[in-house]
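One structure below.
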Amino acid sequence: MDRQLIEQTAELAARFLAGVRDRPVGPPVDVASLRAALDVALSDDGVEAGTVIGELAAGADPGLVATPGSRYFGFVVGGALPVSVAADWLGSAWDQNAGVYALSPAMAVIEQVTASWVLDLLGLPAGAGVGFVTGATMANVTCLAAARHDRLRRVGWDVEQDGLPGAPRVHLIAGAEAHVSVYAALRLLGFGQAAVSTVDVDEQGRMLPAALARALDSCQGPTIVIAQVGNVNSGACDPIGEVAAITREHGAWLHVDGAFGLWAAAGPRLRHLVDGLELADSWATDAHKWLNVPYDSGIAVIADPAAHRAAMATTYVAEGGPEAAYLQAGRTGARDGDDWVPEASRRARALPVYAALRHLGRRGVADLVQRCCRLAARLADRVAADERVEVLNEVELNQVCVRFRPPAGGDPDAFVHAVIERVQRDGTCWAGATRWRGTVAMRLSVSNWSTTDTDIDRTADAILAALG
Ligand SMILES: *Cc1c(COP(=O)(O)O)cnc(C)c1O
């Protein structure tokens, strides 16, 4: 390998990271000029590697968003801890296939260790199955596939062998505020989204236990309940202990979508928001959001490892099923990563998670999530001090939803959109629009390890200045 190329690349990356805090967060970009720089003719004979990297970096730069920076508050986007970026680079250089043990014993062991750390930190059952996937969407797919397997197996149906046609009906129940990716996961698994019964939620978006009990009362047979911790708008968590007790009483499977909210379990001051979490059957989360590792990194956890493996193992061999002896599954007595995820060949996705957890330690993870929540509350307080601003949610986690009173006679929704546009154009920070309980709002998600009090104050000032 060309050392000069590695050094040139390290320099480009270091320069980007050194400037990411100060560059305009979401600069207006012109698609035509981006294309002009990047849409070069594909040559016959190729281009020297250093030139490719140099021109790639220069051409992409105007179209990069400072999402890893300290004042990006759109969607739910974590940054990437330097140690996790470093581990990710090393992982790319090693180019290990984390599919099976035989392909990379080191990566298999790292994955296993990381899995046990994650279970420990989040207070989940020590024997649970853990799969390192691309994001919470695929974590939801993985968990719900295990739920589908287990609930159908209990009524004598082998879904891996016989599929869904002719299978007993599986009842699906989710809160009215379930994330869209839950529906995407259910579609992939062969459940039409129309099959989902939704349960009413309170004004913060939390599932109402009594409504869940009523929904469960009307279901006979295999049933899966899908709860949420961490609503993308309000940050609210379903009352998971109560939800778990009711679900259990009815003999149903409880899945928890905790893409970012699950990390509340790692913060002693936040843990009460997810009390009873360990009573669920499966949990989906992201590491690329609140744990601040590079994309793409999600984690699927399933309390019953047998159900997990049965739903995911590449080498699922029922009688007469396909076999792939060359994969040497189980021969080594060690853990094969591909038994726990939909993919076979895959990058060593656990590596940056391992590095982040090892670097932060228990207290570091707790500080990261608790600091983000404290900063979200600070931001809410700062903007709410202006009488034209209304904070719409209880800021108990890291999300803030705000609305602005327009000048007399102005249209409220149009005014919120106008303010958001001015904030984005200004470039001090980035926040997007949402619709929360029937009205347009600006939403901010504080999810980055590098955000400071000063960043929050600058952000509040930029938002208030955009009110005109
Ligand atoms: C972000 C998010 C998802 C989807 O996660 P990806 O990592 O984008 O696949 C699912 N559920 C919730 C609550 C989320 O916030």
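Both ligands and their constituent atoms are indexed starting at 1 by order of listing. Residue numbers run from 1 in the order of the sequence given. Quick note: numbers below take in every heavy atom, side chains included, and nothing from hydrogens, waters or symmetry partners.
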- Query: Do Asp367 and Arg363 pass the salt bridge (charged side-chain N to carboxylate O under 4.0 Å, His left out) test, and can you show the C-alpha distance, the side-chain angles, and the key distance before you say yes or no?
  - Reply: CA-CA 6 Å; Asp367 285 350; Arg363 198 165 301 133; over 6 Å; no
| message | Would Ala259 count as a polar contact of ligand 1, with the cut-off being nitrogen or oxygen pairs under 3.5 Å? | response | no
message = Any nitrogen or oxygen of Gln228 lying under 3.5 Å from a nitrogen or oxygen in ligand 1? Just yes or no.
response = no
- Message: I'd like to know if the side chain of Thr285 pairs up with that of Trp263 as donor and acceptor (distance under 3.5 Å, no hydrogens or angles considered).
- Response: yes
Would Ser70 and Asn448 count as having a side-chain donor-acceptor pair, cut-off 3.5 Å? no
Short list, please: which atoms of ligand 1 are under 4.0 Å from a heavy atom of [X]?
X: Phe260; value: 15 (O)
X: Gly230; value: 13 (C)
X: Asp286; value: 5 (O), 6 (P), 7 (O)

CG of Asp281 to CD1 of Ile224, rounded to nearest 0.5 Å, is 10.0 Å
Among Met138, Gln399, Lys289, the residue with a heavy atom nearest to atom 2 (C) of ligand 1 is Lys289
To atom 6 (P) of ligand 1, the nearest of Ala184, Gly258, Ala136, Ser181 on a heavy-atom basis is Ala136
Requested in this report: Please work out which of the three classes, parallel, tilted or perpendicular, describes the rings of Phe404 and Phe415, given edges at 30° and 60°.
Outcome: perpendicular
| message | Using the rule given for ring-ring contact (aromatic ring centres under 6.0 Å, His included), can you reason through Trp117 versus Tyr354, listing the C-alpha separation, both sets of side-chain angles and the distance that settles it, and then say yes or no? | response | CA-CA 8 Å; Trp117 287 352; Tyr354 176 96; 4.7 Å; yes
Residue, atom and distance of the protein heavy atom nearest atom 11 (N) of ligand 1 read Asp257 OD2, 2.7 Å
Contact region, Thr137 to ligand 1, non-hydrogen atoms below 4.0 Å, reads both
Contact region, Phe75 to ligand 1, non-hydrogen atoms below 4.0 Å, reads neither
Backbone N/O of Trp290 and side chain of Asn292: donor-acceptor pair under 3.5 Å: yes
